[in-house]
Amino acid sequence: MFFGTQTINEKGHLEVGGCDTVELAGNHGTPLYVVDEEALRQRCVEYREAFQDKAPSATVAFATKAFLCKSMARLACEAGLHLDVASLGELRLVAEAGVAMEKVTLHGNYKKDEDLEAALDLGVGLVALDSTDEYRRLSQLAAERGIRQRCILRVSPGIDAHTLDAISTGRNDTKFGITVESGAALTAVEECLSMPGIELIGIHSHIGSQILELEPFQLLAAKLMDLLLSAREKTGWNPELVVLGGGLGIQYEESDNPPELRSLAEAIVDGIEREAAARGLETPRIGIEPGRSIVGELGLTLYEIGPIKTVPSADGNTRTYVSVDGGLSDNPRPVMYGSPYPVILANRAGEEASSEVRISGRHCETDTLVPRALLPAPKSGDLLAVQCTGAYNHTMASNYNFFYRPAVVFVEQGKAREVVRRETQEDLLARDLG
Ligand code: LLP
């Protein structure tokens, strides 16, 4: 599979953004995160246009937890997207990137006072309220500053998005948001409307991630409109905004078939319009917050292949373990979620893939990256590209085994720009006070 501008050049090397991946590895070292800048910019614009063509007032906010660096924050904003941040660190990074704070929403199920204070002081556009405790604290902090903070209330609508347990977040049994079914969300709306430091402008729900069907989003539209109807009946509230979170999946495997952006936009916009009309409600402005489906397919990781071992396998055959110079610390997702990844032998991309091997990392545990990869028989010194690592890799990387986190390179039209440098021993030692 090829994504974005990926192609095979005349040397038989994988090329992305007009850059030869073998040269990228040589110039920037491995492991290396490579981001297809032109395709990414185009994807951001396509996302916004898909929604705004259906509903001109719709907003698309990039969920920065999927992938964040200053260049990404600016790229998303220049493409007309808003940003969703989920921590003080993310908030400060996007502030440093110089993006307009009114385009930023602060999320998180446990926002400490320092997080809320920073949001108020920086002037974020929205705070997504996640608990009773939080909105009471926020109201007080805002009132002390003579501010009314624009907020949305995150609710859990009782929807199972049929994705992995760890990333299915819309069920009743979740730590996120305030439950609709028990009536708690309605009570919270009522209370927020009366709080001096809060201007409640809408509701929010994010039901999960790597969702490959449209139906959960349509169900969500109906559930949210039910809540708005009850809220109107109880309080007369006419909210301005409904945010349906992120969650659209990507093609990690040939068999994954994510809906087109225009189909997603149609399902969501038509769903909200239809469900609002059926209840006699005005159609609110629509917001969504995709992360993975913006950047996931447009990043890849380059690794150098090291030791290769063929060993007896449990089924009486043999298995070939191919070790690469990264693993769990730069991509924890296979170990955490059993997530599949497509691979290409980047320096021999044109050769027939006839060997089945297991790709392993170099950590002190069994950190399998790809259990069954089909490649042209790999040799030590070859360059492996693991595709679809644009989301939840750079942002979830760790220093396990004291490995240095990789650099991030943006590539476009034959030019490579290092936007995050590789970590150094000095970076790591700087925190150790001896
Ligand atoms: N909005 C909210 C409030 C979220 O919590 C998330 C993701 C998103 C938007 C973006 O969701 P996306 O479009 O990327 O699916 N570490 C996991 C994913 C966790 C997602 C957490 N929230 C993984 O690697 O699969």
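Order of appearance sets the numbers: ligands from 1, and atoms from 1 within every ligand. Starting from 1, each residue takes its place in the sequence as its number.
When non-hydrogen atoms are compared, ligand 1 lies under 4.0 Å from the side chain of R333 (C-beta onward) but not from its backbone. With a heavy-atom cut-off of 4.0 Å, D84 touches ligand 1 through its side chain alone. Under 4.0 angstrom from ligand 1, the non-hydrogen atoms of A63 all belong to its side chain. With a 4.0 Å heavy-atom cut-off, ligand 1 is reached by the backbone of R292 and by its side chain too. Of all the heavy atoms of F176, none lies under 4.0 Å from any atom of ligand 1, so neither backbone nor side chain is involved.
Close approach of ligand 1 to H107 (heavy-atom distance below 4.0 Å) involves ligand atoms 3 (C). Residue G246 has at least one heavy-atom neighbour below 4.0 Å for each of these atoms of ligand 1: 9 (C), 13 (O). Against a heavy-atom cut-off of under 4.0 Å, M396 is close to the following atoms of ligand 1: 16 (N), 24 (O).
Of the residues listed (L200, I201, L228), the one engaging P239 in a side chain to side chain contact (heavy atoms under 4.5 Å, CB included) is L228, and it is the only one. Tested against V99, the residues K103, E96, M101 include a single side chain to side chain contact (heavy atoms under 4.5 Å, CB included) partner, M101.
Remark: D130 does not engage K111 in a salt bridge, criterion side-chain N to carboxylate O under 4.0 Å.
Annotation: K415, atom NZ; neighbour count of heavy atoms from other residues, nucleotides and ligands within 6.0 Å does not exceed 12. More than 12 heavy atoms of other residues, nucleotides or ligands sit less than 6.0 Å from atom CD of E365.
Using a 4.0 angstrom heavy-atom cutoff, M336 does not count as in contact with ligand 1. A heavy-atom separation below 4.0 Å is found between P290 and ligand 1. At a 4.0 Å cut-off, not a single heavy atom of A391 sits close enough to ligand 1 to count as contact.
The distance criterion of under 3.5 Å between nitrogen or oxygen atoms is not met by G208 with respect to ligand 1. Checked by distance only, ligand 1 and G291 come closer than 3.5 Å through their nitrogen or oxygen atoms. Ligand 1 has an N or O atom lying under 3.5 Å from an N or O atom of S209, backbone or side chain. The shortest N/O to N/O separation between Y337 and ligand 1 falls below 3.5 Å.
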Q.
Under the criterion ring pair (Phe, Tyr, Trp, His ring centres under 6.0 Å), I'd like the reasoning laid out for H206 against H107: C-alpha separation, chi angles, the key distance, then a yes or no.
A. CA-CA 11 Å; H206 168 77; H107 279 280; 8.3 Å; no
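Side chains of Y110 and D115: no donor on one and acceptor on the other come within 3.5 Å.
Aromatic ring pairs are classed by plane angle as parallel below 30°, tilted from 30° to 60° and perpendicular above 60°; the pair F403 and H363 is tilted. Ring geometry for Y33 versus H394: interplanar angle over 60°, hence perpendicular rather than tilted (30 to 60°).
Within the set K65, E289, H204, R154, the minimum heavy-atom distance to atom 1 (N) of ligand 1 is found for E289.
Partners of T187 by side chain to side chain contact (heavy atoms under 4.5 Å, CB included), not counting sequence neighbours: none found.
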